[in-house]
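Since the structure comes first, as structure tokens, the remarks are kept for the end.
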Amino acid sequence: MSTFKAGISAWLAERFERFLNKVSPRAHQIRLNHRSLLVLPTKAGLGLLGCALLIWLLGTNYSNNLVLVLAYFLVALLVVSIHLSFANVSGLKLRAKQSPEGFVGDELAFQVELESQGGYRVAALELFFKPLEGAPQKTFIDYQSASLETSQVFVRAAYRGVLNPGRLCVSSRFPFGLVRVWTWVDLDFQALVYPEPVVCELPAMVGTGDDHGESQLVTTGDDFYGLNQYQPGDSLSRIAWKQFARGQGLTTKEFSQPGQNPEHLHWQMFPGLDTEARLSRLCYLVLMLDKARRPFALQLPGVDLAFGLGPKHRLEALRALARFGQSAELLEAEAAPSSGLL
Amino acid sequence: MKKTWLKWKRAQAPVPEWQVQPPVQSQAPGKRDFLARHSLMYLLVTLLAVMAPHAQHLPMTIMALVALVVFWRWQMFRGLWRLPSQLVKLGIIVLSLLALIVGYGTRFSLEPMLGLFCLAFGLKLLEVRKKTDVFLMLMLGFFLTGCQFLLSQSLWQSLYGVLCLGLLLLCLISLQFRAPVLSFKRQCKVIALAVIPSLILAFGMLLVMPKLPSFWAVPNLSGNSMTGMSDAMSPGDLASLSQSTKPAFWVSFDNEKTPKKADFYWRGMSLDEFDGRTWRRSELNRGARGFEAVFEQAPKNSLNQPQWYDYSVLQEPSGQPWLFSLAGINSADPKAQISYRADGTIKRKKPVLERFRYRVSSSNKFRQDDGLDLDSPDNARWRQQMLALPKQGNNQTREQVALWRSQINSDRALIDHILGFYHQRFTYTLKPGVLGLNSVDEFLWQTQRGFCEHFSSSFVFMLRAAGIPARVMVGYQGGEYNPLENFYLVKQSDAHAWAEVWLEGRWQRFDPTAAVAPERVEGNLEQALSELDQELLQSPWQLGSYRHIAVLNNLAQRLDALNFRWQSMVNDYDVQAQQSLLQRWFGGVDWVTLGTVIGALVAGFILLMLVWLNWRDRPEPEDPATIQYRRFLSLMAVRGLPKDVGESPNAFALRANSQFPEQAVVITALTQAYIRVRYCGESDQLETLRRAILVLKSNFKVATRH
């Protein structure tokens with residue numbers, strides 16, 4: 001019985017998916033119209049119909065025409081609010097903006113740009129992705145403040161790699177909550193999810209043989225060492241503003257640090273662990289080394305990142321970890337939107 | 001409430017050490033289910049508005065309880081009080097049950113049901129926390145809005161009902177938002193957009209939807225809260241009724257010809273038993289002791305009546321079965337379940353608890369038999385009843401009448417003498433003195449100030465004392481003509497009592513009040529009263545108090561006319577009216593036709609909606625510059641140079657120039673013109689763009705020819 005039920009629901013889901021693919025195919029920009037929007041009464045709307053039935057009984061039993069008119073009014077209200085709900089949402093343009101990146105477990109903020117048609121601004125809008133499990137995280141837009149507004153929809157990053165949050169649900173119960181107008185749009189969102197950092201010691205098997213502990217990694221020295229030429233990506237807090245004011249050009253202050261020696265991160269550092277566990281530890285080391293401002297190189301099967309330092313280097317390393325093991329075409333597809341972040 | 005807050009706080013995990021920037025926080029989960037403050041405020045206002053019409057029948061205890069709950073919630077809204085504890089809630093519930101029992105007892109009528117609904121609506125306020133609770137309350141609000149039409153169907157009540165609907169919808173809208181982001185004006189606009197078409201649809205549905213008879217017997221309003229005549233008359237009863245400006249009934253005559261205003265005596269019931277203070281209906285009159293006082297048909301007319309007046313009466317709910325008509329009834333509405341009574345009046349088989357319309361045809365003249373020929377030996381007991389007086393009391397009057405009787409032989413002369421006596425000595429006033437046990441004596445010989453019930457009561461007493469059969473008749477006298485809708489409005493203040501006397505072999509009407517204050521009969525109550533008394537009748541809040549100002553009188557008449565038309569329209573649309581309407585419109589009333597009509601209406605509505613949707617979703621019109629530029633692009637595409645997606649016009653122009661160097665000037669000029677029109681808003685460059693494209697086209701043609 002249960003398998004039969006499951007079969008039916010799977011069949012329905014598949015039919016629905018096909019229907020959605022037909023009425024609103026994947027696109028970066030989608031304009032909602034009556035072909036893609038679905039309308040059904042909500043529980044409240046059905047409750048109102050029940051109320052109308054009771055009032056109709058009252059009016060019929062007392063043969064009171066005004067009470068009957070009220071009963072018919074409530075039914076008509078449901079029909080009219082279908083129009084009003086539809087008018088609220090229809091014509092709205094949705095556009096995918098840059099795709100987010102984050103660690104596993106983070107809330108990824110997908111940016112959606114809403115553009116309303118003419119002078120009509122959309123009210124009481126709900127946006128959410130269908131989560132793999134649990135309740136969806138809904139974003140509510142009470143009233144669109146400008147004709148062009150960007151809002152964020154959140155999804156918890158469940159796994160490492162290229163994450164496709166699926167179709168975005170756009171739904172509204174405006175004006176009276178009696179009917180719900182909704183649709184599922186595919187704005188071709190793809191997020192890049194880095195591995196979840198897992199705290200670990202820096203293995204001493206390769207390297208200088210010194211006992212570089214974690215305590216050394218986190219210590220940031222504060223002895224002034226010298227000035228360096230400014231490189232794009234250097235932290236603003238390290239810029240030597242005094243020298244810059246004297247007209248000596250943009251330079252950054254370098255501080256002497258105990259563990260200055262560069263570190264070489266590679267795949268074989270954690271023998272006996274599976275891929276994800278290795279990536280998580282490597283991710284932690286990348287973050288800590290970056291925080292300690294120690295240059296590092298990253299070597300994975302198929303990836304070779306030379307020694308470097310700074311936010312750009314850190315991002316490259318994280319992306320390499322995120323993309324590790326993902327199929328080639330996925331990588332290519334993902335390359336375009338992610339480049340916007342740099 | 002507190003727990004949720006804690007949970008929310010805990011959810012904010014400490015920022016991990018590797019986190020460079022704090023994570024973006026999405027909204028707290030579940031927050032949307034809670035009720036926003038602005039929703040609650042609307043809800044309080046709506047609750048008061050929906051309950052207000054029911055205040056007229058709710059017992060004070062229930063009103064007080066609801067007021068307490070509303071006040072409590074208001075204090076909570078202001079943050080001063082807490083949610084009541086379980087114990088307090090239990091106490092309030094027990095109090096409510098007590099209030100219901102004390103207020104209504106075991107009475108089975110509509111009011112206890114309404115009281116229960118009102119209590120539920122009010123008490124739910126203390127429990128409201130989530131939106132679903134509010135929604136339940138609003139459903140109850142819709143129901144109570146419907147119930148207020150059971151109390152009254154006047155135009156004002158209907159407009160008030162629309163106001164209540166608007167408020168309920170305002171609450172529904174506010175539930176959609178976490179903060180009052182929409183302006184009040186915009187919300188009103190949305191409501192108007194919803195309400196106006198819905199009302200039109202609703203009235204349309206009322207016209208065509210099949211009207212069914214009642215499914216089961218329903219309790220009616222008990223009549224306690226209604227204004228109207230009772231079937232007994234003591235001094236002071238009618239005077240208090242006369243201070244009500246509520247309408248009693250409306251009369252519209254079928255023909256132009258109407259009786260004189262002074263003959264507008266709307267007979268309700270006769271009172272023929274006197275206990276020295278109060279006039280009642282005798283047992284004979286009530287139809288007890290096996291005497292059938294009710295006839296299925298009007299008694300046969302023996303006089304040759306030249307003129308019938310056909311009129312219909314629309315009566316307000318009175319809680320009593322009495323109907324009002326002119327004398328000499330020929331026939332009354334056969335389908336209205338009316339019975340004819342021995343005194344020549346009509347009554348309904350059940351009390352008038354809803355607005356009720358009936359048609360009557362009468363001559364306004366008494367007939368010889370009139371169902372109660374006192375000269376006939378069969379009616380000896382009736383004659384006895386019409387002469388009956390209490391065994392003792394009011395002795396001074398009895399003596400005086402005996403004296404007059406001995407001096408005057410003729411009955412008519414005696415009656416004239418008594419009327420003359422009234423005319424000389426008495427004052428017509430709303431504020432007669434308080435009368436004791438011998439009310440007739442005290443009135444006739446001491447106070448000599450009175451209202452119609454005093455005059456009619458003492459008059460009939462004196463006639464009976466003189467051996468002339470007589471009875472008191474109560475009803476209404478007069479009626480204000482409204483030329484706009486051609487009806488007479490009879491108000492409660494027109495309540496009147498007069499005498500009917502068996503004289504010269506037939507019943508005759510005598511009105512002692514007319515002997516004292518003829519203006520009462522010719523005009524209306526106000527004209528008959530002294531200025532001091534008139535102040536009693538007037539309230540600064542009633543338009544009727546300003547009738548002496550012509551403009552306001554006109555306005556009041558117009559409003560009366562509007563209300564009358566509305567009420568008769570709403571009230572008269574029954575199964576027969578529906579059938580005749582459908583007959584007129586569609587030539588048939590069978591269900592197939594009706595189904596087709598409803599189906600066609602629905603289909604038309606859907607079609608209209610589809611047309612509107614397609615119009616709304618039409619593609620936005622392209623600007624002329626883009627259309628022109630697209631022509632250029634297609635020219636280039638034909639020549640193997642399509643523009644890449646995302647390529648800027650300038651970049652494309654560079655590429656095109658390298659491909660067609662001989663056209664470089666034109667292409668550059670064209671691109672510049674396009675950019676100027678499109679991005680700098682220089683619409684005068686549009687002509688340049690158009691011409692450049694024409695030039696390019698001809699250049700290409702020339703090039704291919706060579």
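The sequence lines fix the lettering, A, B, ..., with proteins before strands; numbering per chain opens at 1.
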Non-hydrogen atoms of chain B under 4.5 Å away: do they reach the side chain of [X], the backbone, both or neither?
X        : result
A:Leu84  : side chain
A:Leu108 : neither
A:Leu78  : neither
A:Ala52  : neither
A:Val79  : side chain
A:Leu54  : both
A:Thr60  : both

Nearest-0.5 Å distance, [atom1] of residue [X] to [atom2] of residue [Y]:
X        : Y        : atom1 : atom2 : answer
A:Leu77  : B:Leu199 : CG    : CG    : 9.5 Å
A:Phe140 : B:Gln176 : CZ    : CD    : 10.5 Å
A:Leu66  : B:Ser152 : CG    : OG    : 8.5 Å

Top contributor to chain B interface from [options] [non-hydrogen pairs under 4.5 Å]:
options                     : answer
A:Leu178, A:Val75, A:Val69  : A:Val69
A:Gly47, A:Ser81, A:Cys51   : A:Cys51
A:Ala87, A:Ala123, A:Ala135 : A:Ala87

Looking at [options], which makes the most heavy-atom pairs under 4.5 Å with chain A?
options                                : value
B:Leu182, B:Ile191, B:Leu170, B:Thr145 : B:Leu182
B:Leu165, B:Leu193, B:Ile200           : B:Leu165
B:Ala194, B:Gly146, B:Cys171, B:Gly204 : B:Ala194

Compare all side-chain heavy atoms of B:Met569 with those of A:Asn65 and state whether any distance is below 4.5 angstrom. no

Let's go through A:Tyr72 and B:Leu201 carefully: what are the C-alpha distance in whole Å and the side-chain angles of both, what is the deciding distance for side-chain contact (heavy atoms from CB on, under 4.5 Å) to 0.1 Å, and is it a yes or a no? CA-CA 8 Å; A:Tyr72 296 141; B:Leu201 270 176; over 6 Å; no

Residues two or more places apart in sequence or in another chain: which of them pass side chain to side chain donor-acceptor pair (under 3.5 Å) with B:Glu316? B:Arg355

Which residues satisfy the side chain to side chain donor-acceptor pair (under 3.5 Å) test with A:Ser171, sequence neighbours excluded? A:Arg180

For side-chain contact (heavy atoms from CB on, under 4.5 Å), just list the numbers for B:Leu175 and A:Phe176, CA-CA rounded to whole Å, side-chain angles, deciding distance to a tenth of an Å, and then say yes or no. CA-CA 8 Å; B:Leu175 286 185; A:Phe176 305 122; over 6 Å; no

Side chain to side chain donor-acceptor pair (under 3.5 Å) partners of residues 187-207 of chain B, not counting sequence neighbours, each pair once: none

How would you list, in number order, the residues of residues 133-141 of chain B that have a heavy atom less than 4.5 Å from chain A? B:Phe135, B:Met139

Taking it one step at a time, do A:Trp56 and B:Met209 satisfy side-chain contact (heavy atoms from CB on, under 4.5 Å)? CA-CA 11 Å; A:Trp56 181 79; B:Met209 288 301 261; over 6 Å; no

